[in-house]
Amino acid sequence: MFENYFFYKGKDLFCEDIPIKEIADKLRTPFYLYSKKAIQDKINQYKDAFKDYPTLICYAAKANSNLSLLKIFLDNGLGLDTVSGGEIFKGLLVGFPSNKIVYAGVGKTDEEIIYGIENGILSFNVESRQELDVIDYLAGKVGKKANVSIRVNPDVNPKTHPYISTGLKNSKFGIDIDDALDVYKKAVKKKNINVIGIHCHIGSQILDVSPYREAVEKVGDLVFKLKKEGIELEYFDIGGGLGIKYKPEDKTPNPKDLADLVLPVVKATGLKLILEPGRSLIGEAGALISQVIFTKSKKNKNFIILNSGMNDLMRPSIYNAYHHILSVEKKDEKIVADIVGPICETGDFFALDREIDKVERNDYLAVLSAGAYGSSMSSNYNVRPRAMEVLVDGDKYFVIKEREDYNYLIEKEIKPFERLKND
Ligand SMILES: *Cc1c(COP(=O)(O)O)cnc(C)c1O
């Protein structure tokens, strides 16, 4: 991973064919930097692994929904997996055909459901009985049938962080697999609904793929039970969740491993396959580039204070996630330090007690594997403009999101001082 797209030539850290320092000096920091080649290679791995079976790969927009990145997935023929009206909006804007957009989420609002129906999306992945009733009702009002799949919860442990395990019995997601047959029987009787498929998504950052097999076998059994009841489906959607490298020594599964495991089961059902990878398509392709504002030392501790923080990359703070961090210019000496942001929270860190090149004020650091759930989870906490985003393609780079400015941050707020002036 790091080796192919983010690597040292001499003392300089490169992204593809460009020294990152050159971009940082020019654009100023912080910014997210993405390697187009890394994204393209991942897409190709997925397409290759599943090329012999009818498969729709729907990129999970929540991992990173930058329009220019979405366009790369669109241009490769991928569909889009969404979890909100906003993501559907961005997908349609970029040009995804609505019949390649799937939509999951436990809390779809009436407005979002109507928006999806009006646009004729491929599938609402339905997560409760009540949602099914509401979709049927709203589709009747719109005067257009809605396509649905039932998201079943196979009660499988993906052996990942509890916050990103989504397929266990007590999770808020999906419908218990034991209830699913009954829900399907009700669904096929509804006037304004086309029942087209079955869906599951067991979690994220999955490094051991065996739980996938368990999940598709359980869901596959259900498909056969449905057939017996005369309920024929078209799509088997197995969700996303494949893990990536956060530490250089991490052993990660690749799309081929997933294909070898799940295809025999899916083939037996005869259904077309849908995949929803997010992190594994974009995660390793991105880095957050920041500058050292200050360094300081207390009795037993060194601190490296960056100009980006938990508002830019939340994963270390909320999941205690590890991100590998490299100096953009290699140094001869190392230190052990906490690498922190400027936010007024103790949880605002990128790494604790990390051995790292002895960087000084104004040096740059690259936080790796930040392409997924980085910019898409970022916020304006502490009234901080969010980072720019930059795409590298060979020896060229393109700004794909401008840095926010102070006026942008207050744009939607009522200005009480102006009102007072006018009174
Ligand atoms: C988040 C999510 C995904 C993508 O998960 P990754 O781990 O990023 O691959 C896919 N499907 C659904 C329903 C999701 O909620």
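Side-chain atoms are counted along with the backbone in the values below, which use heavy atoms only and exclude waters and symmetry mates. Counting starts at 1 for both ligands and their atoms, following the listed order.
For atom 7 (O) of ligand 1, the closest non-hydrogen atom on the protein side is S204 OG, 2.3 Å. In this structure, atom 8 (O) of ligand 1 lies nearest to the protein heavy atom Y373 OH, 2.6 Å.
Of the polar atoms of P277, none of the N or O atoms is found under 3.5 Å from an N or O of ligand 1, judged by distance alone.
Counting heavy atoms only, E276 comes closest to atom 11 (N) of ligand 1 of the residues R279, E276, E127, K62.
A donor-acceptor pair shorter than 3.5 Å can be found between the side chains of S210 and D208. With 3.5 Å as the limit, one finds no donor-acceptor pair spanning the side chains of S98 and N119. Side chain to side chain, Q205 and Y246 fail the donor-acceptor criterion of an N or O pair below 3.5 Å. Defined by atom type and a distance below 3.5 Å, a donor-acceptor pair is present between the side-chain atoms of S280 and Y46.
Here the rule is side-chain contact (heavy atoms from CB on, under 4.5 Å) with Y212, and of L242, D257, V265, V156 only L242 fits it.
Counting the atoms of ligand 1 from 1 in the order shown, those under 4.0 Å from a heavy atom of G240 are 9 (O), 10 (C). The contact set between ligand 1 and A104, taken as ligand atoms under 4.0 Å from a residue heavy atom, comprises 13 (C). Distances below 4.0 Å separate heavy atoms of A60 from the following atoms of ligand 1: 3 (C), 4 (C).
Geometrically, K330 engages Y8 in a cation-pi contact defined by less than 6.0 Å to the ring centre and at most 45° from the axis.
Counting only distance, with no hydrogens or angles, the side chain of E16 and the backbone of K36 share a donor-acceptor pair below 3.5 Å.
Counting heavy atoms under 4.0 Å from ligand 1, residue I206 does not touch it at all.
Not a single heavy atom of A372 sits closer than 4.0 Å to an atom of ligand 1. Look at G241 and you'll find a heavy atom under 4.0 Å from some atom of ligand 1. Taking 4.0 Å as the cut-off, F173 does not count as a neighbour of ligand 1 on heavy-atom distance.
By the 30° and 60° cut-offs, the orientation of the rings of F14 relative to F7 is parallel.
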